[in-house]
Amino acid sequence: MTSTILQPTTATTATAAPTTAESSAMGWSHDKLRFSCVDNIGLKQLWKLIALDTSNGKTSTKSTSSSSPAKNTITADEKLKNTNNNSNNNNNENISYENITDYLGQRDFDAPSRMSLLKFLAINALELSAPATPVLLQQQQHQNNSKPSGWLQLSGHPESIVPCASGVVRKRVSSFSDYEVLAYQQLSQEPLTSRIVPEFYGNIQLESGEMFIELQDLLKGFKDPCVMDIKMGCRTFLESEVTNKTLRPDLYQKMIKVDANAPTPEEHQQQAITKLRYMLFREAMSSSQNKGFRIEAIRLKGKPPMKDLKTVRTSEQIAQTIDQFLNCKKSVQKELINRLKHMRSVMEKSKFFQTHEIVGSSIFIVYDDTKVGCWLIDFAKSRPLPENVKVNHRVEWIPGNREEGLLKGMDELIHAFESANQKQQTTSRKFLQI
């Protein structure tokens with residue numbers, strides 16, 4: 001599915017336009033409705049907007065002709081207009097069911113279409129009456145200090161992702177020229193590559209000055225899903241992040257919380273380490289350094305997320321974690337293996353991946369009882385390569401060569417899921433023999 005890309009705007013407030021498919025045919029699914037947040041459109045106006053759109057521009061009425069209506073006859077259009085005008089004086093006044101019914105009765109609708117629309121309006125009345133502007137939506141979320149029902153964020157800064165509308169999330173950026181913004185713009189231009197990453201809907205700047213990119217909500221449509229976040233690469237930090245040789249006590253404290261014996265005698269005496277020392281320690285303590293990926297967090301159906309997985313390192317520990325996550329669902333396992341292999345193939349052929357260093361990205365896996373999803377996410381640390389530098393994403397990192405091990409991680413991750421699948425098949429055969 002292709003998506004509309006919006007360039008950065010200079011207006012104080014901007015909204016991402018709906019995709020072509022959405023604008024050409026508005027279906028009765030609330031996840032396809034993306035109304036403008038610029039104008040504070042009320043519920044009554046939205047209802048009228050929907051009804052007018054559904055009529056496809058037809059203006060025929062049931063009881064009137066092309067001539068003017070009788071003096072004492074008030075059409076449904078006029079009734080609805082009067083109701084809207086009155087609402088300016090009384091914001092608590094609700095448009096009546098009869099108004100809508102009369103209005104639809106005079107449009108060119110058959111009975112099933114009218115009932116479908118009325119049912120849609122009833123189901124979505126609460127959603128459509130939500131605060132209309134992003135600022136109000138943002139303020140309400142900050143005031144309530146809560147996320148919508150079903151909201152889940154396994155990793156990353158809790159304020160970096162903001163739920164926006166049905167099927168859309170906003171990710172905070174410092175500017176529209178950030179590397180992640182540029183990455184999504186370029187990724188969305190490659191037909192195959194755009195399908196292995198979240199859909200990119202464009203940029204938006206709120207009246208407060210905050211800037212976001214709008215992305216596909218990867219949890220949309222899933223019910224109480226199992227979720228896994230896997231950090232990719234043998235190196236998950238930029239070389240520029242570890243050039244500072246300042247000794248840091250905070251990183252020493254982080255190290256000893258994971259392994260009190262990890263610091264050298266000199267580091268124990270100083271009670272401080274450099275950032276490079278800590279980052280290499282972290283990669284070595286997890287499976288990142290050897291396998292090119294590490295499981296950051298998982299969430300199982302009906303349970304809170306498990307995020308303390310920093311020391312899941314060995315093949316056996318990884319297999320146990322994958323087994324726990326998949327819960328013996330063979331169909332899910334096979335689909336994920338196929339999806340991961342397809343993603344690897346796309347990355348190997350993609351111009352973007354051939355010309356960029358991909359650091360700190362993650363494989364995001366989600367499934368429930370009916371479907372499976374898998375995407376590559378997070379491109380804040382992606383950097384374009386100098387023209388004279390080539391990478392294959394599998395070679396060992398040496399400072400300066402810009403290799404990060406992304407595809408090595410894909411190879412190892414696929415192998416881990418295949419091994420788990422073979423283990424399950426062996427266990428099943430033994431069970432049948434018994």
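Scored by the side chain to side chain donor-acceptor pair (under 3.5 Å) test, His342 finds no partners at all (sequence neighbours excluded). Not counting sequence neighbours, Asp308 has no partner by the salt bridge (charged side-chain N to carboxylate O under 4.0 Å, His left out) test. For Glu387, there are no salt bridge (charged side-chain N to carboxylate O under 4.0 Å, His left out) partners at least two apart in sequence or on another chain. Every residue two or more places apart in sequence or in another chain was checked for a side chain to side chain donor-acceptor pair (under 3.5 Å) with Lys351, and none qualifies. With sequence neighbours excluded, no residue forms a side chain to side chain donor-acceptor pair (under 3.5 Å) with Arg383. Arg313 meets the salt bridge (charged side-chain N to carboxylate O under 4.0 Å, His left out) test with no other residue; sequence neighbours excluded. Residues passing the side chain to side chain donor-acceptor pair (under 3.5 Å) test with Asp224, sequence neighbours excluded: Arg299. Shown here are the side-chain contact (heavy atoms from CB on, under 4.5 Å) partners of Ser345, two or more places apart in sequence or in another chain: Lys349. Remark: Glu335 engages no residue in a salt bridge (charged side-chain N to carboxylate O under 4.0 Å, His left out) (not counting sequence neighbours).
Among pairs with a residue in residues 298-317, none fulfils ring-ring contact (aromatic ring centres under 6.0 Å, His included), at least two apart in sequence or across chains. Within the structure, the ring-ring contact (aromatic ring centres under 6.0 Å, His included) test picks out no pair touching residues 286-306 (sequence neighbours left out).
Within a 6.0 Å sphere centred on CD of Gln320, heavy atoms belonging to other residues, nucleotides or ligands number more than 12. When the shell of 6.0 Å around NE2 of His268 is examined, it contains more than 12 heavy atoms from other residues, nucleotides or ligands.
Of the possible donor and acceptor atoms, one in the side chain of His393 sits under 3.5 Å from a partner among the backbone N and O of Phe353. Listed for the Gln216 side chain is no donor-acceptor partner under 3.5 Å among the backbone atoms of Leu218. With hydrogens and angles ignored, the 3.5 Å screen pairs a side-chain donor or acceptor of Arg339 with a backbone N or O of Cys374. Side chain of Gln270 to backbone of Leu247: no donor-acceptor contact under 3.5 angstrom is found. In this structure, the side chain of Asn401 engages the main chain of Glu396 through a donor-acceptor pair within 3.5 Å. Proximity of a side-chain donor or acceptor of Ser286 to a complementary backbone N or O of Ser288 within less than 3.5 Å is detected. A donor-acceptor contact shorter than 3.5 Å links the side chain of Asn244 to the backbone of Thr246. Distance alone, capped at 3.5 Å, places no donor-acceptor pair between the Glu412 side chain and the Gly409 backbone. With hydrogens and angles disregarded, no donor-acceptor distance shorter than 3.5 Å links the side chain of Ser350 to the backbone of Val346. Looking at Ser361, its side chain does come within 3.5 Å of a backbone N or O of Asp378 through a donor-acceptor pair.
Relative orientation of the Phe352 and His356 rings is parallel, given thresholds of 30° and 60° on the angle between their planes.
Ile213 has its side chain out of reach of Tyr201: every pair of non-hydrogen atoms, C-beta onward, lies at least 4.5 Å apart. When side chains are defined from C-beta on, Leu326 does not count as touching Met228, because their heavy atoms never get closer than 4.5 Å. Residues Asn203 and Glu214 are not in side-chain contact: their nearest non-hydrogen atoms beyond the backbone lie 4.5 Å or more apart. Residues Val391 and Val395 are not in side-chain contact: their nearest non-hydrogen atoms beyond the backbone lie 4.5 Å or more apart. Annotation: side chain of Leu219 is in contact with side chain of Pro225 (closest heavy-atom distance under 4.5 Å). The shortest side-chain heavy-atom distance between Ile273 and Arg248 does not fall under the 4.5 Å cut-off.
Side-chain contact check for Lys223 and Thr370: no donor-acceptor pair (N or O, by modelled atom type) lies under 3.5 Å. For the residue pair Glu266/Thr264, the side-chain donor-acceptor check at 3.5 Å is not satisfied.
Between Ile322 and Ala420 the shortest heavy-atom distance is CG2-CB, 3.9 Å. Shortest non-hydrogen contact noted between Ser287 and Ile318 is CB-CD1, 3.8 Å. Scanning both residues, Asp217 and Val168, for their nearest heavy atoms gives CB-N, 3.8 Å. Shortest non-hydrogen contact noted between Trp375 and Arg195 is CD1-O, 4.4 Å. Shortest non-hydrogen contact noted between Leu336 and Gly373 is CD2-O, 4.3 Å. Closest approach of Gln289 to Leu280, counting heavy atoms only: NE2-O, 4.1 Å.
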Item to complete: Please step through ring pair (Phe, Tyr, Trp, His ring centres under 6.0 Å) for the pair Tyr179 and Phe379, ending with a clear verdict.
Response: CA-CA 7 Å; Tyr179 286 107; Phe379 298 94; over 10 Å; no

Worksheet item: What do the steps show when you test Ser208 against Glu210 for side chain to side chain donor-acceptor pair (under 3.5 Å), and what is the final call?
Response: CA-CA 6 Å; Ser208 62; Glu210 293 177 294; 3.2 Å; yes

Fill in: Pair Arg394-Glu404, salt bridge (charged side-chain N to carboxylate O under 4.0 Å, His left out): steps then yes or no
CA-CA 7 Å; Arg394 288 186 171 96; Glu404 80 298 274; over 6 Å; no

Fill in: side chain to side chain donor-acceptor pair (under 3.5 Å) assessment of Ser166 paired with Lys220
CA-CA 8 Å; Ser166 181; Lys220 173 64 179 177; 2.9 Å; yes

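A cation-pi arrangement is found for Lys371 relative to Phe222, the charged atom lying closer than 6.0 Å to the ring centre and inside a 45° cone about the ring normal.
Using a 4.0 Å cut-off between charged side-chain N and carboxylate O, Asp369 and Lys301 make a salt bridge. Residues Lys171 and Glu180 are paired through a salt bridge, judged by an N-O separation under 4.0 Å between the basic side chain and the carboxylate.
A ring-centre distance under 6.0 Å is found for Tyr367 and Phe325.
Partner Asp229 forms a side-chain contact (heavy atoms from CB on, under 4.5 Å) with one of Ile295, Leu309, Ile377 and no other, that one being Ile377.
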In residues 233-242, what donor-acceptor pairs under 3.5 Å come from side-chain atoms, sequence neighbours left out?
unit_1, atom_1, unit_2, atom_2, d
Arg235, NE, Glu403, O, 3.2
Arg235, NH1, Phe237, O, 2.8
Arg235, NH1, Glu357, OE2, 3.1
Arg235, NH2, Glu357, OE2, 2.8
Arg235, NH2, Arg402, O, 3.4
Arg235, NH2, Glu403, O, 2.8
Thr236, OG1, Arg282, NH2, 3.3
Thr236, OG1, Glu283, OE1, 3.3
Thr236, OG1, Glu283, OE2, 2.7
Glu239, OE1, Gly400, N, 3.2
Glu239, OE2, Trp397, NE1, 2.9
Glu239, OE2, Gly400, N, 2.9
Glu241, OE1, Leu238, N, 2.6
Glu241, OE1, Lys381, NZ, 3.2
Glu241, OE2, Lys381, NZ, 3.3

